[in-house]
J.: 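Take a look at the following structure, please.
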Amino acid sequence: MDFPTQIYHVSLLLQAAGAVLTAVVLHGFHRIEARRYLRQWTRGWIALSIHLCTAAIGHVLADRGVAAAAWTFLDLVSATGGYLHIVFLLLGTYELATGRDARTEAPRIVVFGGFATGLLVTIALTWAPTGADPLAARYGVDSMLVGAAHITAAIGVCRAPKATRGIGVYIVGGAFFVYGAEQLHYAAIDVATTMLEPGQAFAYSAYLGFLDFLIHTGMALGMVTWLLEDERGKTLRATVEIEHLAYHDTLTGLPNRRLFLDHLRLTIANATRTERMAGVFFLDLDRFKVINDSLGHAAGDRVLQAVAERIRTLVRQGDTVARLGGDEFTILVPDVHGLEDLEAIARKVRDAVKEPILLDGRELFVTASVGVSLFPGDAREPERLVENADTAMYRAKARGTDGFALYAPSMNERAVEQLALENALFRALGRHEFVVHYQPILSTGSGDIVGVESVVRWLHAERGLLFPDEFMAAAEVTGLIVPLGEWVLRTACAQLATWHRAGHRRLYAAVNLSVRQLQQADFVDVVRAVLAEHALPAASIELEVTETIAMQSGDGTVEKLRELKALGCRIAIDDFGTGYSSLSALRIFPVDALKIDVSFVRDIGGEDARGTIAAAVINLAHSLQLDVVAEGVEGETQLEFLRAHGCDLWQGYYFSRPVSAGRCEELLSGRPLRTTPSFGLAAQRMAATKR
């Protein structure tokens, strides 16, 4: 064995060592990164190391005269490894360039294909025609394929869209290209060798193996550099994304409260230095919960995104729009010239929000309540400016939907009072500070007391007797309306049972319900249990819901009212005429009676059309076979009008205001019930049925 041949064998082993090193590096990064192309390349370099090792051993055996079968088998293994290296190299490059998974459904097919190709090439070139060098021809084909594969891989690596653009990727791409070019050079040498006379050869080619080793080492170093750069890029991107998430809302992409306050602090500093004014706007969507409950939270999210985009395109460059959470948005305008500017911007925002939103072919109409505060007039601290704008928004919402309000110091005083009231509410029920008063309901025809309406009063320790208008809204907001409403129902039923035992067995009690009570899953069971506890017939209880609750509640509320109706309770719509009822809606609800709102009764006999509306409600109710109760009767003229138009029942100060249970019992004793009192059309129908 001559010296160049020995050098060639050593270079093959060095190349194999370089391939093993590269495979170890690729495998290590694949375990950390779990990237598909690294898995394919790891397999490819393992196959390459097998190819180089078996090639070196086969050459040594062949030069030492070992039987041809042994080194031919090793040559077959070497060829199989070489072709598998090409396959896995190209598969990995494909996955890197496209981002798609090139994993074969049957990996054994790939191995079998490489083995079969190596076998066919080995056999074909072993049986080459006399005078040809089979090894030279075989190695020429191998080198040509390997060179083309590596040049293709070099192009794929450098043009891969997801590859990190750094020095590492170009080292790897350059090493692939140089290795591919060198393999093509080998192919040219092998082709030329087949044409030379025996004994002639390119002696320097034996030393090119050391260059191959250097190229493989460069590949490994380049891959380490590339993957470290990629990891650094991922870390930087994650840092940017985390920072963005920390300061922005994930749903709308708008700044969040934290970033909004940062901008507001900067604006205040600049405005203080330049003696300018700045405006803060606080938006809250009206009745947004209805959209979430009826169409689902996904639809609600799309509405929020649409509203956010409208506000963002409406404001000027330099203004800040943020989402604080839920359906609350804020706007910071760094430069305003007075209250007129604030009002103009508030109107523009309000008008933009209420434009219809197209959602899955359906138009949705959303309105917003807007509160506005001004720097420096309303506050100088960022948090206080936002709080004042929030307070003004609640004042706008209290006036009705789709409005705006400018902050005034008196609003804070009222907000503090409201907070104190809400806190006192939680203690009031446990301290037995609530009482129930009763207002008699009389038959228009006979003048008998046929029922009582139960109304709650609060014996406040400091403010004295409070009426429902002063605390029921707070009870709704805090959720205390549910236990308070149940307590009123139990108290009214207990008192009604006492009156029944005293001889007023035909008396009924009306109890007002809130929407929150109707939303309780066990509300019907609660009513049933209370009636059973006091041995009361269900017909002796009339449950009153306002027109707004009745007409705007969902199917669950309707179903509960139907269950209460099936239980035997009477259902009445309170304050009728002030909402948005329709005849079709009235037919859906299991209603027994309509109560004419006091605003239509108060001015009966005046010059306006209130009396006409009251008469129309009476006719409407009778056409639907419903009883009619007039509220707020304060004089003989009103009573005569109602009697003339066939109103069934009435209540009001003309007879008695709501009074304590003891005083009401005196009224009951002074005006005894008839044996069979008139409850209006409903009672007449029941009597006719019994006859």
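Any value given below was found using the heavy atoms of this structure, including those in side chains, with hydrogens, waters and symmetry copies removed.
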J.: Hydrogens and angles aside, do Lys595 and Gln651 bring a side-chain donor and acceptor to less than 3.5 Å of each other?
T.: yes
J.: For Ala379 and Arg384, which heavy atoms make the closest approach, and how far apart are they?
T.: CB-CG, 3.4 Å
J.: Please give me the minimum heavy-atom distance between Leu531 and Cys569, naming the atom from each residue.
T.: CD1-SG, 4.1 Å
J.: Would you call Arg506 and Asp448 a salt bridge, using N to O less than 4.0 angstrom?
T.: no
J.: Establish, yes or no, whether the cationic atom of Arg457 lies under 6.0 Å from the six-membered ring centre of Phe434 and within 45° of the ring axis.
T.: no
J.: Excluding sequence neighbours, so at least two apart, what forms side-chain hydrogen bond (donor to acceptor under 3.5 Å, both in side chains) with Glu665?
T.: none
J.: Any heavy-atom pair between the side chains of Val435 and Trp458 that's under 4.5 Å?
T.: no
J.: Indicate yes or no: at least one non-hydrogen side-chain atom of Leu359 is less than 4.5 angstrom from one of Val303.
T.: yes
J.: Does any non-hydrogen side-chain atom of Leu304 lie less than 4.5 Å from one of Leu251?
T.: yes
J.: Less than 4.5 Å apart, side chain to side chain, heavy atoms only: is that true for Leu339 and Leu406?
T.: yes
J.: Taking all heavy atoms of Leu285 and all of Asp327, pick out the closest pair and write down the distance.
T.: O-OD2, 3.1 Å
J.: Between Tyr508 and Trp499, is the ring centroid distance below 6.0 Å?
T.: no
J.: Report the C-alpha distance between Glu433 and Arg427 in whole Å, list the side-chain angles of each, state the deciding distance to 0.1 Å, and finish with yes or no for salt bridge (Lys or Arg N to Asp or Glu O under 4.0 Å).
T.: CA-CA 9 Å; Glu433 295 180 1; Arg427 298 189 296 267; over 6 Å; no
J.: Under 3.5 Å, is there a donor-acceptor pair between the Tyr654 and Gln638 side chains?
T.: no
J.: Could you tell me whether the side chain of Glu328 reaches within less than 4.5 Å of the side chain of Arg323, counting heavy atoms only?
T.: no
J.: Are Val280 and Val372 packed together at the side-chain level, in the sense that at least one heavy-atom pair is separated by less than 4.5 angstrom?
T.: no
J.: Could you tell me the separation between the OG1 atom of Thr637 and the CZ atom of Phe641, rounded to the nearest 0.5 Å?
T.: 11.0 Å
J.: Applying the side chain to side chain contact (heavy atoms under 4.5 Å, CB included) criterion to Val524, which one of Glu563, Glu559, Arg562 satisfies it?
T.: Glu563
J.: I'd like to know if the side chain of Asn619 pairs up with that of His645 as donor and acceptor (distance under 3.5 Å, no hydrogens or angles considered).
T.: no
J.: Can you spot which of Val452, Leu668, Leu496 makes a side chain to side chain contact (heavy atoms under 4.5 Å, CB included) with His504?
T.: Leu668
J.: Run the salt-bridge test on Asp525 and Arg528 with the 4.0 Å N-O cut-off and return the result as yes or no.
T.: yes
J.: List the atom of Ala539, the atom of Arg570, and the distance in Å for their closest heavy-atom pair.
T.: O-CD, 3.8 Å
J.: Restricting to non-hydrogen atoms, name the atom on Ser443 and the atom on Trp650 that form the minimum distance, rounded to 0.1 Å.
T.: O-NE1, 4.0 Å
J.: Are Glu640 and Arg643 within salt-bridge range, i.e. N to O under 4.0 Å?
T.: yes
J.: Quick one: does Glu533's side chain get under 4.5 Å of Arg490's, heavy atoms only?
T.: yes
J.: Under a plain distance cut-off of 3.5 Å, with no hydrogens placed, do Ser369 and Asp284 share a side-chain donor-acceptor pair?
T.: no
J.: For residues Leu480 and Leu425, report the shortest heavy-atom separation together with the two atoms involved.
T.: CD2-O, 3.2 Å
J.: Hey, is the main chain of Ile357 close enough, under 3.5 Å, to the side chain of Glu363 for a donor-acceptor pair?
T.: no
J.: Does some side-chain heavy atom of Val349 sit less than 4.5 Å from a side-chain heavy atom of Phe281?
T.: no
J.: Measure the spacing between CG of Asp402 and CZ of Arg287 and express it to the nearest 0.5 Å.
T.: 13.0 Å
J.: Compute whether any side-chain donor of one residue and acceptor of the other, for Thr252 and Asp249, lie under 3.5 angstrom apart.
T.: yes
